[in-house]
Amino acid sequence: MTGAKKTSATSMLGLVLDGNRLDFVAARRTNGSVEIRKAGSVTLSLDPLTNEPDLVGAELRKHLDAAGLRDRRCVVGVPLNWALTLAVNVPAGLPPEDVRALLEMEAERGFPYAPETLMLAQSLAGVPDGERIATLIAIPRDHLTRLQDALESIGLRPVSFSLGITALQPVAESATAGGVVALVPGEKGVALQVTAQGGVCALRVLEGAFEQ
């Protein structure tokens, strides 16, 4: 949802938020390979969407200090249930500028929020000269702002924010794979991503898929 900034850092902290669970992994790049220094999972008592960012940041710092992690740069995976999705049919033969205009119009009409309050991304599935399906993905901008404020309050420097499941199945590989389903069990449900023909075809959380 937010592009990764170029960095020459040799170490990075990965954080993935899912409900009240926070997964973390500290990685270091050495001689062209990546070494996992530490990984773990903790349960958070504060919700970043309803509590003050500095309080959320203080709780995060407590857990990171307990794990002995002092990295500053981080990449962040946000919960899939923060995302809103919308499928749009894209007629064959539309030039790129008309596709952009169509998707902007459908996003403004289809999402229950004003466009300026959303962080938007899109993925097109199908052959370039045929009819395609566009998946529009939106996250309320305030969600990411609050989380970023919490991280920056404890000296962390987010490099990017994204949906964690998208890292498991790169969209480009689906162009030749014939379609792939990725499933990730989470705290309260199963995250689902379907990729085919070079794009994301479905992205949602399956609630109640298992019992605790």
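Note that the coordinates shown come from a computational prediction; the quantities given were computed from them, not determined experimentally.
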K.L.:
Between the main-chain N or O of Arg73 and the side-chain N or O of Asp71, is there a donor-acceptor pair closer than 3.5 Å?
P.N.:
no
K.L.:
Is there a side-chain contact between Leu156 and Leu15, using heavy atoms and a 4.5 Å cut-off?
P.N.:
yes
K.L.:
Using the rule that two of Ile, Leu, Val, Met, Phe, Trp, Tyr join whenever any of their side-chain heavy atoms come within less than 4.5 Å, decide whether Leu60 and Val25 are in one cluster.
P.N.:
no
K.L.:
Answer yes or no: is there a side-chain heavy-atom contact under 4.5 Å between Thr85 and Phe111?
P.N.:
no
K.L.:
Taking atom CD of Glu152 as the centre, does the number of heavy atoms from other residues, nucleotides or ligands within less than 6.0 Å exceed 12?
P.N.:
yes
K.L.:
Kindly say whether Pro48 contributes a backbone atom to a donor-acceptor pair with the side chain of Arg146 at under 3.5 angstrom?
P.N.:
yes
K.L.:
Quick one: ring pair (Phe, Tyr, Trp, His ring centres under 6.0 Å) pairs with a partner in residues 116-148, sequence neighbours left out?
P.N.:
Trp82-His143
K.L.:
Determine whether a donor-acceptor pair (N or O, by modelled atom type, separation under 3.5 Å) exists between the side chain of Arg72 and the backbone of Arg157.
P.N.:
no
K.L.:
Do Leu49 and Met119 sit in the same hydrophobic cluster, where Ile, Leu, Val, Met, Phe, Trp and Tyr count as joined when their side-chain heavy atoms come under 4.5 Å apart?
P.N.:
yes
K.L.:
Is Leu94 reachable from Met105 through a run of I, L, V, M, F, W or Y residues, each pair having side-chain heavy atoms under 4.5 Å apart?
P.N.:
yes
K.L.:
Whether the side chain of Asn51 engages the backbone of Asp47 through a donor-acceptor N/O pair (distance < 3.5 Å, no angle test) should be reported.
P.N.:
yes
K.L.:
Please answer whether the main-chain N or O of Val200 pairs with a side-chain N or O of Ser123 as donor and acceptor at a distance below 3.5 Å.
P.N.:
yes
K.L.:
Taking the side chain from Gln193 and the backbone from Ala202, do they hold a donor-acceptor pair closer than 3.5 Å?
P.N.:
no
K.L.:
Can you confirm whether more than 12 heavy atoms, excluding those of Arg61, are under 6.0 Å from its CZ atom?
P.N.:
yes
K.L.:
If you group Ile, Leu, Val, Met, Phe, Trp and Tyr by side-chain heavy-atom gaps below 4.5 Å, do Ile154 and Val78 land in one group?
P.N.:
yes
K.L.:
For Lys188, is there an ion pair with Asp18 - N to carboxylate O distance below 4.0 angstrom?
P.N.:
no
K.L.:
At what distance, to the nearest 0.5 angstrom, does CD1 of Ile139 lie from CG of Leu144?
P.N.:
5.5 Å
K.L.:
Does any non-hydrogen side-chain atom of Ile137 lie less than 4.5 Å from one of Leu163?
P.N.:
yes
K.L.:
Could you give the distance from SG (Cys74) to CE (Met12), rounded to the nearest 0.5 Å?
P.N.:
8.0 Å
K.L.:
Could you tell me whether the side chain of Ile165 reaches within less than 4.5 Å of the side chain of Leu192, counting heavy atoms only?
P.N.:
no
K.L.:
Quick check on the hydrophobic clustering: are Val76 and Leu22 connected, directly or via other members, by side-chain heavy-atom contacts under 4.5 Å?
P.N.:
yes
K.L.:
Quick one: does Leu103's side chain get under 4.5 Å of Leu136's, heavy atoms only?
P.N.:
yes
K.L.:
Salt bridge check: are Lys62 and Glu59 linked by an N-O gap of less than 4.0 Å?
P.N.:
no
K.L.:
Under a 4.5 Å cut-off applied to non-hydrogen side-chain atoms, are Ser153 and Pro53 in contact?
P.N.:
no
K.L.:
Answer yes or no: is there a donor N or O on one side and an acceptor on the other, between the side chain of Lys38 and the main chain of Ala67, under 3.5 Å?
P.N.:
yes
K.L.:
Measure the shortest side-chain to side-chain distance between Asn81 and Arg204 over non-hydrogen atoms and say whether it is less than 4.5 angstrom.
P.N.:
no
K.L.:
Using only atom types and a distance under 3.5 Å, with no angle test, would you say the side chain of Glu187 pairs donor to acceptor with the backbone of Asn20?
P.N.:
yes
K.L.:
Does the side chain of Phe161 come within less than 4.5 Å of Gln148's, by heavy atoms?
P.N.:
yes
K.L.:
Is a salt bridge present between Arg100 and Asp98, judged by a nitrogen-to-oxygen distance below 4.0 Å?
P.N.:
no
K.L.:
Using modelled atom types and a 3.5 Å cut-off, is there a donor and acceptor pairing between side-chain atoms of Arg141 and backbone atoms of Glu116?
P.N.:
yes
K.L.:
The test is side chain to side chain contact (heavy atoms under 4.5 Å, CB included); show your working for Ile133 and Val90 and say whether it passes.
P.N.:
CA-CA 6 Å; Ile133 298 292; Val90 178; over 6 Å; no
